[in-house]
Structures are given as C-alpha cells and as structure tokens.
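Numbering of ligands and ligand atoms starts at 1, following listing order. On a predicted model such as this, the values are computed, not experimentally measured, just so you know.
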Amino acid sequence: MTMSSSCDLLITNVHVATMAVSGVPYGAIYNADIAIAEGKIVDVGPMVQSLWQGAHTLNGAGCWVTPGLIDCHTHLVYGGDRAREFEMRLNGASYESIARQGGGILSTVQATRAASETELLTSATGRVQRLMAEGVTTVEIKSGYGLDRDTELKMLRVAKQLEAQLGLHVESTFLGAHALPAEFAGRPDDYIAFVCGDVLPEVAAAQWASSVDIFCEHIGFSTRHAARLFAAALQYGLAVKAHVEQLSDLKGAVTAAKYGALSVDHIEYLQAEDIAAIKSAGSVAVLLPSAFYYLNETQKPPVQALREQGVDLAVATDHNPGSSPLLSLLTALNMACVLFGLSPEEALLGATRNAAKALGLARKGQIAPGFDADLCLWPMEHPSELSYAINQHRPVAVLIGGELVGQ
Ligand code: DI6
Ligand code: FE
C-alpha cells in the first residue's frame with residue numbers, strides 16, 4: 001500500500017478545464033480529482049484520489065471545474081445611473097456629444113461625489129454579488145468617478161471593503177485620469193499634474209491601488225498626459241494599464257507598451273502595425289465587447305492580427321453606468337465570440353489565465369499545483385457551453401482560497 005499525503009479538501013469525480021498550457025483544448029483533464037491544502041491547489045489529475053487523504057471531500061458528480069472567473073476591467077463603484085442618457089442616445093445624441101455637454105462620465109462624477117461611502121458600498125455590493133453568482137472570484141475595480149482627492153480615495157476604500165465583506169479578491173486601479181473635472185476645465189495639464197503630484201503618492205503610499213489607468217482619447221487625455229502619468233506610476237511602484245483606441249487611434253497602446261503596461265484595454269481602433277509593440281511589452285489585450293455593443297460601434301478590434309502575433313487576449317465586462325451596464329461576465333464571453341470572433345476556448349482563457357496576467361496575478365487563473373484554489377464547479381457537458389448559452393449557467397459550487405463560498 002502506498003502512503004498517502006494529507007490535504008484539506010479533495011474534490012473528486014470531475015473533469016478539469018485547467019486552462020494551463022498543455023497542448024489540449026482548455027488544458028482539459030478528464031475524470032480527475034483536485035487536492036487542496038492551505039488555500040492552494042497541491043495536485044490535480046486522474047489518480048489524485050488514491051494519493052491524497054482529504055480532511056474533507058467534495059464529490060463533484062461529473063461536473064466540470066474551471067478556475068474561478070476573473071473580471072479584469074470594471075468601474076463598479078459609482079453613484080446614480082445613466083438610464084436617461086441611454087434614452088438620449090437612442091433619440092440621436094452620441095456618446096461623445098453627451099460627454100462634451102458635461103453629461104456622461106461627469107454626471108456620474110457628480111452622483112459619486114454626492115454619495116456617502118455607505119451608499120456606494122451598498123450599491124457596489126449588489127453588483128459584485130451578481131458577478132459572483134456567475135462564478136467571479138476576482139474582480140478589478142477602477143476609481144475614476146471622483147476626480148478629486150477625497151472621492152477617488154473614497155472609491156478605493158469601498159473597493160477594499162468589498163473584498164473584506166464579500167471574500168472575493170479585489171484588485172484596485174487608480175483611474176484619476178478618467179475625465180477632466182469641471183474645476184480644471186481647459187487645464188488638462190494642471191489636472192494631470194494634480195493627479196500625479198497630489199493623489200498618486202497617497203494612493204501608492206497607502207497601497208490603495210496596484211495600478212494606474214487613463215482614458216486616452218480625444219474626449220479624455222492625450223498620449224503626452226499618459227506618458228507623464230505612467231512615468232510617475234512606475235516611480236511609485238504601481239503598474240500601468242490604459243483605456244486606448246476605443247473611439248479613435250491616438251497611439252495610446254504604443255505609449256502604454258513603452259511603459260510596460262500590464263494591459264491595453266478596448267483597442268477597437270488599434271492598427272496592425274502597432275501590435276508588435278504590445279507583444280514585446282507582454283501587455284494583455286483586454287477586449288470589452290459589451291461597451292462596443294452598448295455604444296453600437298462598428299470598428300472591431302484586430303483580433304486575427306493579435307492572435308497571429310501571439311498577444312494574449314482577455315475579456316471583461318467593463319461594467320460602468322455609461323457604456324456598459326452589464327453585470328454578467330459570461331455574457332461578455334458570449335459577446336466576445338459572437339461580435340469579435342473569439343473561440344469559446346479563447347473567451348474562457350480571457351476570463352481566467354489571461355485575465356490573471358492582465359492583473360499581474362501569477363497565482364490565479366489556472367488549475368495547477370501552486371495556484372490559488374479559486375474554483376467553480378459547473379454542471380455541464382463541455383466548457384464551450386459557458387460562452388454559448390446566455391443566462392443559463394450558474395456554478396453549483398465556488399471556492400475561493402480553498403473555502404466554499406456561502407458556507
Ligand atoms: N471607457 C469606458 O468604456 C468607460 N470609461 C472609459 O474610459 C465609460 C465610463 C462612463 O461612460 O461612465
Ligand atoms: Fe473601462
């Protein structure tokens with residue numbers, strides 16, 4: 001008889017979409033077990049049950065197991081909503097014209113400044129719970145609806161409280177450079193100086209966020225502003241992310257790549273000749289099909305060229321009240337397939353392994369020894385179903401750090 005090692009939890013009788021690089025679709029291992037100890041995966045494979053003695057056992061009853069889903073781009077802490085603006089757009093106003101009239105992002109800024117921390121926490125809690133119901137175990141949350149020191153910090157505090165109260169992992173991003181607040185109208189240079197000089201140092205010192213982000217666009221900030229912000233961020237030890245090429249080609253992605261961006265997000269207007277820079281920086285291309293859908297855009301991101309050049313693709317909800325009031329990561333996966341031509345496997349990689357990479361999380365997004373035991377069990381025949389069916393799948397069990405959620 002062989003000696004068996006002991007672990008905290010043994011999940012038996014499952015098929016595993018490991019999403020690790022393995023040469024088979026989804027990194028699949030059929031008829032397998034997963035051993036978990038101290039919040040980490042310690043073993044996965046067909047014979048694991050005979051090698052490990054679990055303090056607890058969970059019979060997976062033939063379910064598929066995927067890594068816990070990762071929504072790597074959201075703006076889910078905010079006050080108010082923008083249903084009226086949605087109506088205006090359907091009556092003919094464009095997203096850009098509304099923004100130029102002080103609506104759009106700035107109307108959410110007003111509502112977010114006016115909201116108490118408790119109000120923001122309550123509304124954001126409901127949003128995160130909806131994402132979690134579909135298997136999200138890690139979410140990225142951006143600030144950017146404060147645009148003043150106090151409200152930006154208020155948003156980032158709420159993000160931390162969500163993590164403490166809901167038990168999922170939250171990665172916070174400082175998006176002070178989201179829009180130009182009314183107080184700085186006509187003075188974007190002064191505003192960027194304020195963001196870099198007054199707010200960023202405090203965000204970095206208190207570790208309120210791990211990355212900075214900027215909306216690089218004609219209605220946002222220039223690449224010159226972006227370069228200034230990124231240089232400051234790197235000085236303070238923060239990583240770089242950027243909203244680029246969403247509505248026009250400003251070469252924001254190339255600028256972000258120069259600063260080693262973890263990700264370049266949206267990129268509908270990215271030109272094929274700029275992809276090499278993203279590839280060599282190792283930046284993940286984050287696709288946000290729901291914003292494309294809500295704004296009824298027509299310019300699609302250069303997915304085939306990105307694929308050919310080996311850029312890792314992620315998919316996220318971009319949840320925000322203006323351009324993407326979507327609280328379903330699985331629906332975003334479906335949209336990435338239908339609208340942008342991703343395969344279901346690419347879409348799922350985009351919400352697991354590649355989403356982890358977009359957040360700089362080396363221990364999440366795959367099922368392999370040493371990775372965090374963030375897992376979802378799905379009663380389905382094949383993992384392609386997650387991208388195929390809208391509003392049909394909920395995990396029957398979710399683990400975060402080896403602990404069953406909701407137990
Ligand atoms: N691009 C987006 O899609 C969101 N922010 C950004 O820079 C939209 C934010 C909003 O409209 O409130
Ligand atoms: Fe966004």
Enquirer: Assess, by modelled atom type and distance only, whether the side chains of D318 and H73 contain a donor and an acceptor separated by less than 3.5 Å.
Expert: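 Their side chains do contain a donor-acceptor pair, which is all the 3.5 Å distance test asks for.
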
Enquirer: Answer yes or no: does an N/O atom from Q246 fall short of 3.5 Å to an N/O atom of ligand 1?
Expert: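 Yes, Q246 has an N/O under 3.5 Å of an N/O on ligand 1.
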
Enquirer: Considering only the protein, which heavy-atom contact is closest to atom 4 (C) of ligand 1, and what is its distance?
Expert: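 Closest protein heavy atom to atom 4 (C) of ligand 1: N320 ND2, 3.7 Å.
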
Enquirer: Could you check, using the six-membered ring where one of them is a Trp, whether H75 and H178 have ring centers closer than 6.0 angstrom?
Expert: yes

Enquirer: Have S387 and N334 got a donor and an acceptor in their side chains that come within less than 3.5 Å?
Expert: no

Enquirer: Regarding atom 5 (N) of ligand 1: of the candidates H319, H243, H178, which has the closest heavy atom?
Expert: H178

Enquirer: So for E217, does at least one of its heavy atoms come nearer than 4.0 angstrom to any atom of ligand 1?
Expert: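 Contact check E217 vs ligand 1: negative.
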
Enquirer: Counting C-beta onward and ignoring hydrogens, is there a side-chain heavy-atom pair between L153 and V203 closer than 4.5 Å?
Expert: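 Side chain of L153 against side chain of V203, heavy atoms only: contact under 4.5 Å found.
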
Enquirer: Which residue in the set Y26, Y30, W378 passes ring-ring contact (aromatic ring centres under 6.0 Å, His included) when paired with W64?
Expert: Y30

Enquirer: Pick one of side chain, backbone, both or neither for how L288 approaches ligand 1, counting any non-hydrogen atom pair under 4.0 Å.
Expert: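 Under 4.0 Å from ligand 1, L288 contributes no heavy atoms.
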
Enquirer: Flag the pair F194 / F184 as yes when their ring centroid distance falls below 6.0 Å, and as no otherwise.
Expert: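 Yes, the ring of F194 comes within the 6.0 Å limit of the ring of F184, centre to centre.
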
Enquirer: Protein N/O/S atoms under 2.8 Å of the Fe ion (ligand 2)?
Expert: H73 NE2, H75 NE2, H243 NE2, D318 OD1

Enquirer: Under 6.0 Å between ring centres, would you say that holds for H382 and H15?
Expert: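 No, too far apart.
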
Enquirer: When you measure from the heavy atoms of Y95 to every atom of ligand 1, does any distance fall below 4.0 Å?
Expert: yes

Enquirer: With a 3.5 Å cut-off and no angle check, do the side chains of H319 and Y78 form a donor-acceptor pair?
Expert: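 The criterion, which ignores hydrogens and geometry beyond distance, is satisfied for Y78 and H319.
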
Enquirer: Quick check against the 3.5 Å criterion: does R353 have a side-chain atom that pairs as donor or acceptor with the backbone of M19?
Expert: yes

Enquirer: Could you tell me, atom by atom, which parts of ligand 1 come under 4.0 Å of a heavy atom of S323?
Expert: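 Listed by number with element, the hits are 2 (C), 3 (O), 4 (C), 8 (C), 11 (O).
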
Enquirer: Which ligand 1 atoms does Y145 reach within 4.0 Å, using its non-hydrogen atoms?
Expert: 9 (C), 10 (C), 12 (O)

Enquirer: Show me which atoms of ligand 1 lie under 4.0 Å from any heavy atom of H266.
Expert: 1 (N), 2 (C), 3 (O)

Enquirer: Just which atoms of ligand 1 are under 4.0 Å from any heavy atom in R82?
Expert: 10 (C), 11 (O), 12 (O)

Enquirer: Would you say the side-chain atoms of H393 and E134 include a donor-acceptor pair closer than 3.5 Å?
Expert: no

Enquirer: Under 4.0 Å from a heavy atom of D318: give me the atoms of ligand 1 that qualify, with their elements.
Expert: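 In order of numbering, the contacting atoms are 2 (C), 3 (O).
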
Enquirer: Answer with yes or no whether the side chains of K241 and S263 bring together a donor and an acceptor at under 3.5 Å.
Expert: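 The criterion, which ignores hydrogens and geometry beyond distance, is satisfied for K241 and S263.
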
